[in-house]
There are 2 protein chains.
Amino acid sequence: MRQPNSAPQKATIHDVAARAGVSIATVSLALSGRGRMMAETRERVLRVVKELNFRPNAMARGLHSKRSFTVGLLTDDVYGRFALPVMQGVTEGLIDHGVSVFLCALEDNPVLAQSHLDALMEKQVDGIVVAGRRVDRILPVDLGGLTVPFIHVMSDGGPDRVSYLPDEEQGARLAVAHMVASGRRRIAHVTGPARFRVAGERAQGWRAELAEAGLAPHGPGAMFGRWSEAWGHEAVAELWASDEPPDAVFCGNDQIARGVIDALRERGVRVPADVAVVGFDNWEIVAEETRPPLSSVDMNLRELGRQAGLTLLEAINGAQVPPGVRRLPCVLRARASSAP
Amino acid sequence: MRQPNSAPQKATIHDVAARAGVSIATVSLALSGRGRMMAETRERVLRVVKELNFRPNAMARGLHSKRSFTVGLLTDDVYGRFALPVMQGVTEGLIDHGVSVFLCALEDNPVLAQSHLDALMEKQVDGIVVAGRRVDRILPVDLGGLTVPFIHVMSDGGPDRVSYLPDEEQGARLAVAHMVASGRRRIAHVTGPARFRVAGERAQGWRAELAEAGLAPHGPGAMFGRWSEAWGHEAVAELWASDEPPDAVFCGNDQIARGVIDALRERGVRVPADVAVVGFDNWEIVAEETRPPLSSVDMNLRELGRQAGLTLLEAINGAQVPPGVRRLPCVLRARASSAP
DNA sequence: CTGAAAGCGCTTACAG
DNA sequence: CTGAAAGCGCTTACAG
């Protein structure tokens, strides 16, 4: 490992100025392209900048501009299935603007959360992104006294804040419309616990799209259970105990869908010939390995993160960003499990 | 969204000094606890610090100390199954020392990678962690000219650098020893492509532990294939085509194990009664939903990240850290799939 | 025990 | 067109 004491000293603006035979002000001006100067002078400065591989010290610059060009990203998604794409989107959208992102993984620990927040504020972050793993869950931090703008993604900050969320209902409608279009008529919905807000929203989308297609919900209504494969199995047992089982199952997430498909195979019910199955989340590593590969609704998390990052940047730059929830459309990733 | 222009100005050391009726030097000294001063003065200063919620500006502090108390975390693991726990460990280990971590997701794009690296250097990071998703893969960045210490995790930086890796061979031996202890004698190994270094290391552990137990490898040797469920199915077909199928299968990862277990169920072979199955990675969300739940080797990625972060910190603080690979032991997470 | 001053590496009016 | 100076918010010798 290269040791810091053996490392070459970084060049400063004084080194550049001395070598180019100008003042540090001229170097600064040449670099920013602001003040107009003799083309020859500018070129000479820029040449030296390149020779010395000079990069302005962001801390010194920030001291003056009161902008650190950093933001903090708080998340409680320790597992990362949802937060990671969001995080990527945020960093991706911001790096083009020279903004770097501090990662803070909170994991339900208020003390840890507070120390992360303190560290961020000391580092003078220009803003904060709060990324949740579940919409109706509050992160263990008090953002009330924050002196910088912040924004929520995959977590609802309430009416006074800006929140970016997937359009769950629209995503559900996509899935149902897709099944209807391929001739399915008895479309059941198997999903997670009713206390999860997204479960209700997805069920609502299922119901609304069916109504629009002139179809009745299959069975007594949406089947709320758990977000697990095991629940998928159980739901199939229930559904196939009736006289008229469904010809399509729209599942609230990919794990349930996986359980449904496995259970159907064990019963000798063919997917997609007898029953179409569509999941939610488009968890690719699981969806692609399902037999047959699982069609699923993609929440576009990366794009969600990107837009949240850019909107935060606007707010940092002084724009008035009206508070409220912004929904981004989902897209359907059709695979074999829902073929006509 | 709270707008920056409406935000209360942050208190500076001058505000504190004025209000406490002392000089800024005294405030600084009181805060650092360095210079000795009248207890009463110190208390007065600290009281005002609290009243004004004063936090020293890290950029100003860093300008002087030439330490930013930040590090960069480069990773090419876009999916995040492996990198996320590592990232968490790194941040967790460092936040206690006041060090914040910049996240840079690289995803095979050298241009993006370079711009992330440039941003990090401008921000004056004190060091860099390089976290891979696969040991024998080089990240698309040239770290050669770096002027700060760096360290590798889940990626091998070669003989001149410090790298933290799981002890793959030891992990494999754990799995095999566990199966031997529960009476299994014909232990097969189904794993990923031979060109992956970890596949070779895990196979080596399997072979070594069997030898130590006085057992021969089951079949013609380790079965190299793909890191997928589908390969697990195919391998079962091969294995059960022989006269004497195994009574245990050690799998190179959890996806293969999942495929193996599913395939065995379809054949009516009982797990664990007839065959024990153990996976690798301890990918909990999958392992726990497998029927029966899957025993698996855990690489301790979080701890790996934590230690890497702390070692980087030592190097930053000037310690001489001898280069080379450091292996951390894996642990076995036994579940029902390998019960005696 | 406490304060005035220099300096960290920049940027930005302000002179000339 | 270019330079000298002030200032961003701290820390650290150095006086007193």
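Please read these numbers as outputs of a predicted model, since none were measured by experiment. Throughout, protein chains are lettered first and strands after them, A, B, ... in sequence-line order, and every chain is numbered starting at 1.
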Chemist: State the dot-bracket string of DNA chain C. Criteria: Watson-Crick or G-U wobble, both atom distances under 3.5 angstrom; notation: ( ) intrastrand, [ ] crossing earlier pairs, | interstrand, . unpaired.
Modeler: |||.||||||||.|||
Chemist: If I compare all heavy atoms of Ala83(B) with all of Thr75(B), which pair ends up nearest, and what's the gap?
Modeler: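 Result for this residue pair: CB-OG1, 3.5 Å.
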Chemist: Do you know which two heavy atoms are closest between Phe102(A) and Val125(A), and how far apart they sit?
Modeler: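 Taking every non-hydrogen atom into account, CD1-CG1, 3.7 Å.
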Chemist: Minimum heavy-atom separation for Ser163(A) to Gly157(A), with atom names?
Modeler: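 Nearest pair, atom of Ser163(A) first, then Gly157(A): OG-N, 2.9 Å.
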Chemist: Verify salt bridge (charged side-chain N to carboxylate O under 4.0 Å, His left out) between Asp156(A) and Arg161(A), making sure each step is shown before the conclusion.
Modeler: CA-CA 8 Å; Asp156(A) 190 342; Arg161(A) 303 180 179 177; over 6 Å; no
Chemist: Which protein N or O atoms sit under 3.5 Å from an N or O of nucleotides 9-12 of chain C?
Modeler:
residue, atom, partner, partner atom, Å
dG9(C), OP1, Lys66(B), NZ, 2.2
dG9(C), N2, Ala60(A), O, 3.1
dC10(C), OP1, Asn57(A), N, 3.2
dC10(C), OP2, Ile13(A), N, 2.5
dT11(C), OP2, Ser28(A), OG, 2.5
dT11(C), O2, His64(A), NE2, 3.3

Chemist: Starting from the C-alpha separation in whole Å, work towards a yes-or-no answer on salt bridge (charged side-chain N to carboxylate O under 4.0 Å, His left out) for Arg61(A) and Glu122(B).
Modeler: CA-CA 10 Å; Arg61(A) 195 198 286 241; Glu122(B) 282 184 14; 5.2 Å; no
Chemist: Which pair of non-hydrogen atoms, one from Pro322(A) and one from Val162(A), has the smallest distance, and what is that distance?
Modeler: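 It is O-CG2, 3.8 Å.
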Chemist: How close do Lys123(A) and Ser100(B) get, heavy atom to heavy atom, and via which atoms?
Modeler: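 Of all heavy-atom pairs spanning Lys123(A) and Ser100(B), the closest is NZ-OG, 3.2 Å.
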Chemist: Within less than 4.0 Å of OP1 or OP2 of dA4(C), is there a side-chain N or O belonging to Ser23(B)?
Modeler: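 Ser23(B) to dA4(C) OP1/OP2: no side-chain N or O under 4.0 Å.
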Chemist: Does a donor on one side chain and an acceptor on the other come within less than 3.5 Å for Arg67(B) and Asn317(B)?
Modeler: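 Side chains of Arg67(B) and Asn317(B): pair found under 3.5 Å.
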